[in-house]
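This report refers to the structure that appears directly beneath it.
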There are 2 protein chains.
Amino acid sequence: MVIVPEGKEPEVSPEAKEGASPGGVRPEPGTARPGGRTARVRAAVLRATGDALVEHGFDRLDLGEVARRAEVGRTTVYRRWGTPSGLVTDLLAEMAESSLPRSDTGSLENDLRANAQLVRSTLNDPRQGPLFRAVIAAAACDPRAASALRRFYRARIAEWAPCVVAAAERGEVPADTDPEEVVRAVSAPLYYRLLASGDPLDEAAAERAAKAALAAARAGAYRRPADR
Amino acid sequence: MVIVPEGKEPEVSPEAKEGASPGGVRPEPGTARPGGRTARVRAAVLRATGDALVEHGFDRLDLGEVARRAEVGRTTVYRRWGTPSGLVTDLLAEMAESSLPRSDTGSLENDLRANAQLVRSTLNDPRQGPLFRAVIAAAACDPRAASALRRFYRARIAEWAPCVVAAAERGEVPADTDPEEVVRAVSAPLYYRLLASGDPLDEAAAERAAKAALAAARAGAYRRPADR
DNA sequence: ACGCAAAGGGAACTGGAGTACCGTTATGGT
DNA sequence: ACCATAACGGTACTCCAGTTCCCTTTGCGT
């Protein structure tokens with residue numbers, strides 16, 4: 001994952017933690033002055049969060065340790081992020097910014113294979129693998145993290161969907177194929193292995209995932225419903 | 001999930017938390033006298049664990065609360081299970097016992113559709129859905145929970161694999177098709193929706209999953225490699 | 001039945017997670 | 001350049017999760 005060093009990305013979640021404080025809609029800290037120090041603190045904290053997630057996993061994520069690693073006041077971390085889920089949610093918002101460029105080989109089969117191998121090598125990466133596991137664990141616990149994760153994958157999928165659109169134009173798959181569904185179909189079995197079955201994520205598994213998605217797409221399994 | 005009321009299933013994990021206690025290999029509590037009270041306590045605690053997971057999710061699982069709900073001493077829960085992950089690991093061991101009967105309609109398409117609908121309705125169930133999310137979160141955090149989850153899915157998949165074997169014998173799919181891979185292919189996109197994409201798990205999604213797995217299987221995407 | 005030891009449970013203790021308070025720094029608008 | 005205040009950060013406090021200690025209950029072998 002690419003850490004954006006500065007940048008003024010939108011802050012964590014628009015809706016604050018609901019407070020019955022009358023009339024006062026306390027704006028999330030970090031929104032009014034997102035520049036300079038605030039941005040530096042955020043970058044350091046998110047980097048430390050990633051490191052801690054990789055080392056201990058989501059359930060052992062300790063805000064105090066994050067503060068120490070980020071060389072930032074403990075109070076700051078509690079105030080701005082509050083909980084482990086809060087940290088992960090913000091980390092996911094940042095991760096959604098970075099996007100890996102898709103390949104474009106001119107054949108759907110090769111594009112899907114490239115995508116499958118990219119997912120595979122990401123999940124096998126000694127840093128990214130544990131990080132993704134942790135992030136998914138967080139999303140399975142906290143609804144805010146879940147919607148942040150959803151946004152992240154939406155961006156990733158949208159990046160690759162054009163491959164399928166082009167393939168449909170070339171006639172490789174039915175014209176009314178849902179492009180995003182095809183891309184998701186490539187990832188799904190690999191994530192299933194990572195999280196549920198525990199089978200190894202080898203190259204053969206990736207090839208299989210791509211091949212299966214392609215075959216199903218050709219057979220029309222991902223055609224859009226007749227749209228009422 | 002069916003709660004087995006008594007029964008002498010093997011206890012949590014064989015290897016204890018490594019202790020440097022010289023010579024003394026402390027056997028896990030609950031192994032020497034698995035009957036009577038011990039079993040009752042376990043049943044009550046696991047039921048309470050499930051309830052708590054459904055209500056708050058894995059990250060808010062509190063051992064003290066579990067003890068209270070199970071009407072069991074707090075000390076007991078800490079001694080026998082120690083951590084949230086420990087509880088979930090044992091819960092998964094119990095869940096692996098219960099198995100839902102597969103259908104057998106005589107056509108692979110209908111069998112896979114039945115399986116997909118079963119998975120869908122399980123994940124949509126107001127109790128099972130949150131429970132599965134929580135259990136997967138735990139498995140993404142703790143290696144012991146992960147291997148317990150793997151065992152759970154291995155049992156589930158093995159239950160349904162015969163459908164594919166029979167279909168191969170009938171010639172519906174290539175003879176060297178890996179039956180378990182086909183069954184996993186049905187589940188994978190549904191779990192992907194639950195955890196990553198967040199798209200609704202409706203009947204159309206289940207039908208699509210079954211249809212895609214069938215098409216890919218027919219096309220030979222799940223054939224076993226030539227076996228060296 | 002009997003008794004030993006395994007498992008459970010009550011109560012007191014403690015370290016650290018999370019919070020409150022308030023002084024300090026430095027951002028962003030004028 | 002100036003300053004109102006957003007955001008940071010140190011310190012002290014609180015409270016409860018997790019542990020320890022020890023007594024009670026009860027499973028299970030004989």
Side-chain angles (χ1 to χ4, degrees), chain A residues 6-12 16-17 19 21 24-49 52 56 58-87 90, chain B residues 6-9 11-12 16-17 19 21 24-49 52 56 58-87 90 142:
Chain A
E6 284 293 287
K8 20 208 73 172
E9 46 279 25
E11 277 306 329
V12 50
K17 48 197 66 168
S21 49
V25 186
R26 191 181 340 164
E28 286 287 288
T31 50
R33 286 180 183 177
R37 179 168 64 170
T38 300
R40 272 195 309 279
V41 165
R42 187 169 102 110
V45 167
L46 293 188
R47 192 171 37 69
T49 300
H56 318 306
F58 174 66
D59 62 335
R60 300 210 200 287
L61 185 59
D62 181 68
L63 299 223
E65 190 200 342
V66 168
R68 220 178 309 120
R69 295 172 93 129
E71 295 178 275
V72 151
R74 214 160 50 93
T75 316
T76 300
V77 177
Y78 279 105
R79 187 171 30 226
R80 275 188 73 180
W81 292 276
T83 63
S85 299
L87 278 172
D90 199 20
Chain B
E6 285 294 287
K8 21 209 70 170
E9 48 277 28
E11 275 308 327
V12 50
K17 48 196 66 168
S21 49
V25 185
R26 191 182 340 164
E28 286 287 288
T31 50
R33 286 181 182 174
R37 179 169 63 169
T38 300
R40 271 195 309 280
V41 165
R42 187 170 103 109
V45 167
L46 293 188
R47 191 172 38 68
T49 300
H56 318 306
F58 174 66
D59 62 336
R60 298 210 200 287
L61 185 59
D62 181 68
L63 298 222
E65 189 199 343
V66 168
R68 221 178 310 120
R69 295 171 93 129
E71 296 177 276
V72 151
R74 215 160 46 96
T75 317
T76 300
V77 177
Y78 279 105
R79 187 171 31 225
R80 276 188 74 178
W81 291 277
T83 63
S85 299
L87 278 172
D90 200 19
D142 183 85

Taking all heavy atoms of [X] and all of [Y], pick out the closest pair and write down the distance.
X	Y	value
A/R80	A/V41	NH1-CG1, 4.2 Å
A/A52	A/L61	CB-CD1, 3.6 Å
B/S85	A/D59	OG-OD2, 3.6 Å
B/Y78	B/G64	OH-N, 4.3 Å

Readout for nucleotides 22-30 of chain C: B = base within 4.0 Å of protein heavy atom, S = sugar-phosphate only, - = neither; 5' to 3' it is ---BBBS--

For [X] and [N], what is the distance between atoms [atom1] and [atom2] respectively, to the nearest whole Å?
X	N	atom1	atom2	answer
A/W81	D/dA7	CH2	C1'	11 Å
B/E71	C/dG8	CD	P	16 Å
B/R42	C/dG9	CZ	C1'	20 Å
A/Y78	C/dG16	OH	P	13 Å

Value for CG (B/L63) from OG1 (B/T49), rounded to nearest 0.5 Å, stands at 8.5 Å

Taking N or O atoms only and anything under 3.5 Å, show me the protein contacts with nucleotides 11-13 of chain D, one pair per line.
unit_1	atom_1	unit_2	atom_2	d
D/dA12	N6	A/R74	NH2	3.4

Residues at least two apart in sequence or cross-chain that pass side chain to side chain donor-acceptor pair (under 3.5 Å) with A/R69, listed by chain then number, are A/E55, A/E65

Residues at least two apart in sequence or cross-chain that pass side-chain contact (heavy atoms from CB on, under 4.5 Å) with B/A70, listed by chain then number, are B/A44, B/V45, B/A48, B/V72

To the nearest 10 degrees, the angle between the two end axes of the helix from C/dA1-D/dT30 to C/dT30-D/dA1 (five pairs per end) comes to 60°

Let me see the working for B/D62 and B/H56 under side chain to side chain contact (heavy atoms under 4.5 Å, CB included), right down to the final yes or no.
-> CA-CA 9 Å; B/D62 181 68; B/H56 318 306; over 6 Å; no

Using side-chain heavy atoms (C-beta onward) and a distance below 4.5 Å, is A/R42 in contact with A/D90?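 When only atoms from C-beta onward are counted, A/D90 and A/R42 do touch, with a gap below 4.5 Å.
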
Contact check, residues 59-69 of chain A vs DNA chain C, heavy-atom distance under 4.0 Å, returns A/D62

